[in-house]
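Structure first, commentary second.
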Amino acid sequence: MAKEAGRGRSMVFAPAYAQAVEQRLDLGRHLRHAIDEGTLHAHYQAQVELPSRKVVGFEALLRWSHPERGPISPAEFIPIAESSGLIVDLGLWVLREACNQARTWIDAGLPARSVAVNVSPAQFWNMDFETAVSAVLAETGLPPHLLCLELTESLFVDHTEQRISRTLTALSALGVRLALDDFGTGYSSLGYLTRLPFDRLKVDRSFVDGIATRPEKRKLLGGIIALSRGLGMSVVAEGAERESEVQVLTELGCDCVQGFVFARPVPPDAAPWIAETIEASVAAPSLIPDSQD
Ligand code: C2E
Ligand code: MG
Ligand code: MG
Ligand code: MG
């Protein structure tokens with residue numbers, strides 16, 4: 001008891017950063033066992049083609065339920081997984097899980113839809129990544145063109161364009177699609193876009209928010225869409241929360257949209273039903289919620 005009180009007191013006076021470090025270590029320790037304990041799950045968010053409003057794919061997003069703290073946001077645990085190197089195992093797990101799931105949907109007779117998987121730089125650099133991807137495709141039997149790998153501009157930090165290009169070209173040769181995620185939030189030169197084999201540009205939510213009311217934002221997004229069109233890439237808009245934003249995205253010729261206006265990320269069992277609901281509501285546009293959250 002006295003020991004406990006002593007420990008408690010030192011915690012009270014511990015600098016905030018020491019507590020933050022302790023919390024990170026604790027999360028890291030639990031995360032290490034997450035795969036074996038079955039506390040890690042992939043959820044799926046619909047990607048909706050414009051103007052048809054057909055669900056053409058899903059993005060797999062990791063969800064983790066901490067044994068004591070409950071659900072922890074990827075924004076909190078992915079950086080911990082990245083700095084500890086755990087991301088290599090977690091990333092491979094989610095890749096295999098998502099490919100398996102997409103294959104299961106095809107086997108169940110559902111329309112062929114792609115699956116997008118996020119890839120951290122550590123995965124890309126720390127192992128023979130294209131061999132791992134190729135093995136997962138062979139093992140799951142998913143047609144390569146139905147897998148999209150999402151990479152962020154953080155990939156470009158500390159590596160030569162030649163090295164990045166070599167791996168991206170090898171992945172592209174497997175037939176998988178490559179997307180540049182969170183476009184516009186990073187610090188890379190636009191020159192990369194002209195030289196690297198990306199198929200898709202995912203425009204960050206900060207560029208989508210406000211396009212219905214602010215002409216300058218609409219112009220900026222229109223410019224980004226024209227740019228990617230010119231470079232032969234398709235554009236996915238992230239984070240549309242309002243029907244008015246979807247209208248503008250459609251007018252601007254955006255290829256695809258992913259956002260709460262259509263669906264949040266959901267467990268695999270709910271995903272086909274969500275897709276059906278989105279596609280059915282095309283016939284009755286008034287059913288599409290004008291979400292304000
Ligand atoms: P991301 O890859 O850019 O994924 C999109 C994020 O935006 C997801 O957050 C999604 O839930 C959220 N989002 C989608 N539509 C809307 C919207 O309309 N409004 C708002 N407010 N948010 C929306 P989530 O699931 O929390 O994931 C956050 C980030 O964590 C992801 O950003 C990605 O960078 C990372 N992440 C998630 N799963 C994985 C994974 O399996 N591997 C890796 N390396 N990173 C992952
Ligand atoms: Mg992503
Ligand atoms: Mg993103
Ligand atoms: Mg992100």
Side-chain angles (χ1 to χ4, degrees), residues 31 34-35 40-48 55 57-65 71-101 114-127 129 132-133 136 147-155 177-186 198 200-212 224 235-246 249 256-268 271 274 278 288-293:
L31 198 51
I35 295 176
L40 210 57
H41 302 277
H43 279 195
Y44 296 86
Q45 187 180 26
Q47 300 183 316
V48 182
V55 176
F58 291 101
E59 178 175 7
L61 292 156
L62 263 179
R63 294 294 177 258
W64 179 39
S65 188
I72 312 268
S73 155
E76 192 175 350
F77 74 81
I78 293 287
I80 294 172
E82 284 176 334
S83 60
S84 63
L86 268 178
I87 193 69
V88 175
D89 287 344
L90 296 196
L92 193 58
W93 181 85
V94 74
L95 176 69
R96 188 176 285 129
E97 184 75 14
C99 290
N100 246 325
Q101 187 58 67
S114 62
V115 69
V117 177
N118 293 285
V119 176
S120 289
Q123 293 174 261
F124 193 84
W125 297 120
N126 288 1
M127 57 182 183
F129 186 59
V133 172
V136 169
L147 173 63
C148 179
L149 299 173
E150 296 195 356
L151 301 145
T152 63
E153 290 166 85
S154 58
L155 191 72
R177 303 294 187 248
L178 302 172
L180 185 58
D181 202 354
D182 300 345
F183 178 73
T185 61
F198 285 106
R200 280 175 210 164
L201 208 60
K202 291 195 79 175
V203 181
D204 189 71
R205 179 155 61 94
S206 53
F207 291 87
V208 175
D209 183 40
I211 48 166
I224 293 172
V235 180
V236 182
E238 296 194 282
E241 297 188 352
R242 298 172 185 86
E243 175 57 29
S244 54
E245 289 163 354
V246 179
L249 289 168
C256 194
V257 59
Q258 192 183 329
F260 292 173
V261 62
F262 289 117
R264 289 175 183 258
V266 295
I274 289 274
I278 292 169
I288 299 166
D290 191 3
S291 159
Q292 294 299 318
D293 62 8

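Just so you know, ligand 1 is whichever comes first in the structure, and atom 1 is the first atom listed for that ligand. Quick caveat: nothing in here was measured; it's all calculated off a predicted structure.
Looking at ligand 1, you'll find an N or O of F260 within less than 3.5 Å of one of its N or O atoms. For ligand 1, the polar-atom distance check against Q123 finds no nitrogen or oxygen pair separated by under 3.5 Å. Every N/O-N/O distance between E82 and ligand 1 stays at or above 3.5 Å. Between E59 and ligand 1, a contact under 3.5 Å exists for at least one N or O pair.
With a 4.0 Å heavy-atom cut-off, ligand 1 is reached by the side chain of I78 but not by its N, CA, C or O. Counting heavy atoms closer than 4.0 Å to ligand 1, residue Q45 contributes side-chain atoms (C-beta onward) but none from N, CA, C or O. Under 4.0 Å from ligand 1, the heavy atoms of D181 that appear belong solely to its side chain. Under 4.0 angstrom from ligand 1, there are no non-hydrogen atoms of D204. For H43, no heavy-atom contact with ligand 1 is shorter than 4.0 Å.
Taking CD from Q45 and CZ from F260, the interatomic distance works out to 6.0 Å, rounded to the nearest 0.5 Å. A distance of 12.5 Å separates CD1 in I72 from CZ in R63, rounded to the nearest 0.5 Å. Note that CG of L62 is 11.0 Å distant from OG of S73, once rounded to the nearest 0.5 Å. Interatomic distance, CZ of R177 versus CG of L149, reported as 11.0 Å (0.5 Å rounding). If you take CG on L201 and CG on L178, they are separated by 12.5 Å, rounding to the nearest 0.5 Å.
Restricting D182 to its N/O/S atoms, the shortest distance to the Mg ion (ligand 3) is reached by OD1. Closest to the Mg ion (ligand 2) among the N, O or S atoms of E150 is OE1. Looking only at N/O/S atoms, E59 comes nearest to the Mg ion (ligand 2) through OE2.
Applying the salt bridge (Lys or Arg N to Asp or Glu O under 4.0 Å) test to pairs two or more places apart or on separate chains, those with a residue in residues 73-83 are R69-E76.
Using a cut-off of 4.0 Å between Lys/Arg side-chain N and Asp/Glu carboxylate O, R242 and D209 are scored as salt-bridged.
The closest approach between any non-hydrogen atom of R264 and ligand 1 is not below 4.0 Å.
When every heavy atom of N118 is checked against every heavy atom of A60, the shortest pair comes out as ND2-O, 3.5 Å. Taking each heavy atom of E238 and D204 in turn, the nearest pair found is OE1-CA, 3.6 Å. The minimum heavy-atom distance between F124 and V119, with the atom names listed, is N-CG1, 4.4 Å.
Under the 30°/60° scheme for interplanar angles, the aromatic rings of W64 and F77 are found to stand perpendicular.
Which parts of ligand 1 touch A240 is read off a 4.0 Å heavy-atom cut-off, strictly below it: atoms 18 (O). If you number the atoms of ligand 1 from 1 as listed, the ones under 4.0 Å from a heavy atom of P265 come out as 11 (O). Set against the non-hydrogen atoms of V94, the atoms of ligand 1 under 4.0 Å away are 41 (O).
Inclusion of E238 in the first shell of the Mg ion (ligand 3) is supported: an N, O or S atom falls under 2.8 Å. Not one N/O/S atom of T152, from backbone or side chain, sits under 2.8 Å from the Mg ion (ligand 2). Residue D181: an N/O/S atom is found under 2.8 Å from the Mg ion (ligand 3).
Qualifying side-chain hydrogen bond (donor to acceptor under 3.5 Å, both in side chains) partners for Q47, counting only residues two or more places apart in sequence or in other chains: Q258.
Scanning V257, N118, V117 for the heavy atom closest to atom 43 (C) of ligand 1 points to N118.
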